[in-house]
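Read the structure below first, then the notes.
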Amino acid sequence: MQIADCRLALQSAICNLQSAIMTYRLYLCTGPHCSARGCARVRDALDAALWELGVGGVELLASGCQDHCDHGPNLLIHPGATRYAGLSAERAREIVRAHLRDGHPVEAWLATPEMRRGAR
């Protein structure tokens, strides 16, 4: 086996292992409305809370617009397709504690279908 083939096989194995240990994928909206409403502060708070509370297996990703523009910043969590709206740094920390660590979504901040842009 050539070195390049070994490297490719190793990279593939690492990707498979990472996918197997990921518990949650978080998609934080970074569209223009959510950016103007502080999604960068929310991202920093999510990242800090994940470390402080020792919550592993979480991938935090930037996403495009999630179509809940009037209620941002917005966060979509998979698995489960749980969507939060109106986030702040404080709410982000609580979501990490309650939802990601303890397994209980925070119902007070869940987005509703009526919040979707153009749903009115």
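When reading the values below, keep in mind they use all heavy atoms of this one structure, side chains included, and skip hydrogens, waters and symmetry mates.
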Can you name the nearest heavy-atom pair linking [X] to [Y], along with the distance?
X	Y	answer
Cys69	Arg37	O-NH1, 2.6 Å
Cys39	Pro73	N-CG, 3.8 Å
Ala85	Arg91	O-NH1, 4.2 Å
Thr23	Gly56	OG1-O, 4.4 Å

Kindly indicate whether the side chain of [X], heavy atoms from C-beta on, has any atom under 4.5 Å from the side chain of [Y].
X	Y	value
Leu110	Glu107	yes
Arg25	Ile77	no
Cys29	Ser63	yes
Leu46	Leu87	no

Applying a strict under-4.5 Å side-chain criterion to I, L, V, M, F, W and Y, I'd like to know whether [X] and [Y] cluster together.
X	Y	result
Val58	Tyr27	no
Trp109	Leu100	yes
Leu50	Val106	yes
Val55	Val42	yes

From [X] [atom1] over to [Y] [atom2], what is the distance, rounded to the nearest 0.5 angstrom?
X	Y	atom1	atom2	value
Arg43	Cys34	CZ	SG	14.0 Å
His68	Arg117	NE2	CZ	10.5 Å
His78	Arg83	NE2	CZ	7.5 Å
Thr82	Tyr24	OG1	OH	8.0 Å
Leu61	Leu26	CG	CG	8.0 Å
Leu28	Leu60	CG	CG	6.5 Å

Are side-chain N/O atoms of Tyr84 and His99 paired as donor and acceptor at under 3.5 Å?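 Present: a donor and an acceptor within the cut-off.
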Under-4.0 Å salt bridge between Asp102 and Arg97: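 Yes.
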